[in-house]
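Single-structure report; data block below.
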Amino acid sequence: MTWVILTGRQSDLDQVATPHKIITNRDYLAHPALFGGQRPKVINLSNNYGYQSRGYYASLLASSRGHRVIPSVETIIDLSEPKLYENALPELELALNKCRKDLGGAFPAKASFFFGIGPSKAWDRFARLLFDWFRAPSLEIAIRDGAEWASIRKIGFLPVIRLDAEEKTRFLASLDAYTKREWRDGKARVPARYTFATLVDPNETLPPSEISSLRHWARIAEKMGVEVEPITRKDLAKLANYDALFIRETTSISNHTYRFARRAQQEGMPVIDDPLSMIRCTNKVYLNELMAHNKVPVPPTVMIASPADFTLAADTLGFPLVLKIPDSSFSRGVKKVSTPDELRKLATTWLEDSDLLIAQKYLPTQYDWRVGVLGGQPLFAVHYLMARKHWQIVNHDRAGKPQQGGIKTFTLKETPPLVVETAVRAARCIGDGLYGVDLKETDGGVFVIEVNDNPNLDHGCEDTGEKDEVWVRLTQWFIDRLERPGR
């Protein structure tokens, strides 16, 4: 990766203080083809970001040249007037006041923050949030400290030329930490054109991809000129350092995975899973309505909004039937009920937390088809076998670690055409990303059970049928979107 630092004057930052290239914003503006076909990461340290100043134009034109820049023009505008950032203050002030105890009970009149790092560890929570809101190299906040509550009077850029000796030392250390690469591989056979971030949780019990599988992907992507690097939930502030994002944690619109997807989208980065796909796939009520509207076959379904719907579900679907919480994953929040009394008890309990439930006809099979679809085209096909002595592919009722059924792999050519066609139709209703479509193949036809925005993809499992072509196509999906004209 090429890092470029822009300054107002060549003397503003000593070249020996950083290994990265330093040029003036004047030179950057005057030479649009300076970096050829490269896509450098630009850190704009101009002394003035005022509207139509060189600092402003440097960030504006960086985006038009396909260079990722910090601060962006949006951030520059957001911090130009207090009224434009006032909506951020309640959350920031809450985080600020949580630092009081660690700071000894009082706040300074001003504090400086560099790349999301504060003057000391006591500021960590606030510093990360500040950088999340306003991704800028150097910020200063003015604080009004009351007896019980501290408020923020002003948030502004802090030019490098105004830093004192202690701040300059902190700034350079923060710059080094921000631009440092965790998994740089000096033996890459092809010079990396792009770097993809992969969001992982090393402690997740049932991750959509094992770390070993992501390392396998990294080796394949390397041959295509792509570096793959892991990031965790703590790295949101660094996300814009990358060209694309692949989320390999179980997604939810109520946790950090959605925030990462939104940030990637705001930065113009290709992302799997994209926010809209997450919204659409994580809710089974929406999925059922969407599939029905597009005439994609699903099991007979009844929506339950109140106890008045219990009888309708029983009469329409019979017993046993399957009851589902709209927002669930890995077979969680999905139960089979065999009697009206079981239905009443479970649905009553679940309705305390969800205004809507889904009841579906029980379709017993020994396996579920899972068809991976990427960019509207089939990617892989497998059987997920039911867990031992259980009716689902994952048994969460078992004591201890959840028990999963086995997997049987197929090539796409071996997969029944109707299964593939139905899966592709279902996925295209959602979007253009990566989806795992679960289907039941019965004597009565093929039915879509679910469309997953965050499907399992592991080396030696889902890729067994199509081999490394799965990972090659995944990498190419991102590259194609990065190289689209006018992006």
Side-chain angles (χ1 to χ4, degrees), residues 208 272-273 277 280-302 316-318 320-322 324 329-331 334 336 358-387 391-394 404-458 461-467 469-470 473-474 477:
I272 294 176
D273 319 319
S277 292
R280 289 174 170 172
C281 288
T282 53
N283 192 284
K284 295 178 176 63
V285 171
Y286 174 85
L287 276 178
N288 182 71
E289 295 273 341
L290 183 67
M291 295 299 111
H293 177 74
N294 287 278
K295 296 181 172 52
V296 177
V298 295
T301 301
V302 172
T316 303
L317 306 174
L321 59 79
V322 178
K324 300 181 178 182
S329 61
F330 286 113
S331 301
V334 179
K336 182 174 67 172
I358 285 288
Q360 288 188 327
K361 185 176 180 63
Y362 175 54
L363 301 177
T365 57
Q366 294 183 331
Y367 57 84
D368 282 352
W369 276 106
R370 165 64 66 83
V371 177
V373 180
L374 176 66
Q377 299 298 323
L379 184 67
F380 63 80
V382 299
H383 279 175
Y384 286 158
L385 307 179
M386 299 305 159
W391 65 281
Q392 294 171 285
I393 62 176
V394 181
Q404 292 182 273
I407 183 172
K408 183 178 179 181
T409 60
F410 298 81
T411 66
L412 290 170
K413 290 182 178 179
E414 294 170 334
T415 307
L418 182 58
V419 170
V420 175
E421 176 193 336
T422 305
V424 169
R425 285 175 57 205
R428 287 176 177 173
C429 294
I430 303 298
D432 186 46
L434 173 65
Y435 309 102
V437 184
D438 294 339
L439 310 99
K440 296 276 191 184
E441 186 181 19
T442 72
D443 292 339
V446 173
F447 300 92
V448 172
I449 302 300
E450 197 164 21
V451 181
N452 301 274
D453 66 291
N454 190 239
N456 283 43
L457 184 54
D458 272 314
C461 294
E462 287 78 11
D463 69 353
T464 301
E466 302 303 312
K467 308 300 182 185
E469 179 65 16
V470 169
R473 285 182 54 195
L474 175 66
W477 184 93

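Fair warning: this is a prediction, and the values are worked out from it, not measured in the lab. Note: hydrogens, waters and symmetry copies are ignored here, and every other heavy atom, side chains too, is used.
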Euclidean distance, Arg370 CZ relative to Asn456 CG, rounded to 0.5 Å: 6.0 Å

What heavy-atom pair brings Arg425 and Lys295 nearest, and what distance separates the two atoms? NH2-O, 2.5 Å

Using the side chain to side chain donor-acceptor pair (under 3.5 Å) criterion, which residues pair with Asn288? Sequence neighbours excluded. Thr301

CG of Asp453 to CG of Asp273: how many Å apart, nearest 0.5 Å? 4.0 Å

More than 12 heavy atoms of other groups within 6.0 Å of Glu414 CD: yes

Applying side chain to side chain donor-acceptor pair (under 3.5 Å), name anything that partners Thr422, two or more places apart in sequence or on another chain. none

Whether His383 and Trp369 hold their rings parallel, tilted or perpendicular, with breakpoints at 30° and 60°: perpendicular

Centre of Tyr362's six-membered ring, under 6.0 Å away, within 45 degrees of the axis: is that where NZ or CZ of Lys336 sits? yes

Going by the rule ring pair (Phe, Tyr, Trp, His ring centres under 6.0 Å), which residues pair with Phe447 if we only count those two or more places apart in sequence or in a different chain? none

Under 3.5 Å, is there a donor-acceptor pair between the side chain of Lys467 and the main chain of Thr464? yes

Within the 4.5 Å heavy-atom criterion, are Phe380 and Thr409 side-chain neighbours or not? no

Minimum-distance pair of heavy atoms, taken over all atoms of Val424 and Gly376: CG1-O, 3.5 Å

Measure the shortest side-chain to side-chain distance between Pro297 and Val446 over non-hydrogen atoms and say whether it is less than 4.5 angstrom. no

How far apart are the closest heavy atoms of Cys281 and Leu287, and which atoms are they? O-CD1, 3.5 Å

Going through the distances and angles, do Val334 and Gln360 end up as a side-chain contact (heavy atoms from CB on, under 4.5 Å)? CA-CA 10 Å; Val334 179; Gln360 288 188 327; over 6 Å; no

Under 4.5 Å between any side-chain heavy atoms of Glu462 and Ile407, yes or no? yes

Determine yes or no for a side-chain-to-main-chain donor-acceptor pair under 3.5 angstrom, with Asn452 supplying the side chain and Gly436 the backbone. yes

Is there a side-chain contact between Leu412 and Glu466 (heavy atoms, below 4.5 Å)? yes

Distance, nearest 0.5 Å, that separates CG of Leu434 from CH2 of Trp477: 8.5 Å

If you define the side chain from C-beta out and look only at heavy atoms, does anything of Asn283 sit under 4.5 Å from Glu289? no

Can you check whether Leu321 reaches Val302 side chain to side chain, under 4.5 Å on heavy atoms? no

Lys440 versus Pro299: any side-chain heavy-atom pair under 4.5 Å? no

Working to the nearest 0.5 angstrom, can you tell me the gap between Leu290 CG and Ile430 CD1? 5.0 Å

Hey, what do you get for CZ (Arg428) to CD (Gln377), rounding to the nearest 0.5 Å? 5.0 Å

Rounded to the nearest 0.5 Å, how far apart are CG of Leu374 and CZ of Arg473? 5.5 Å

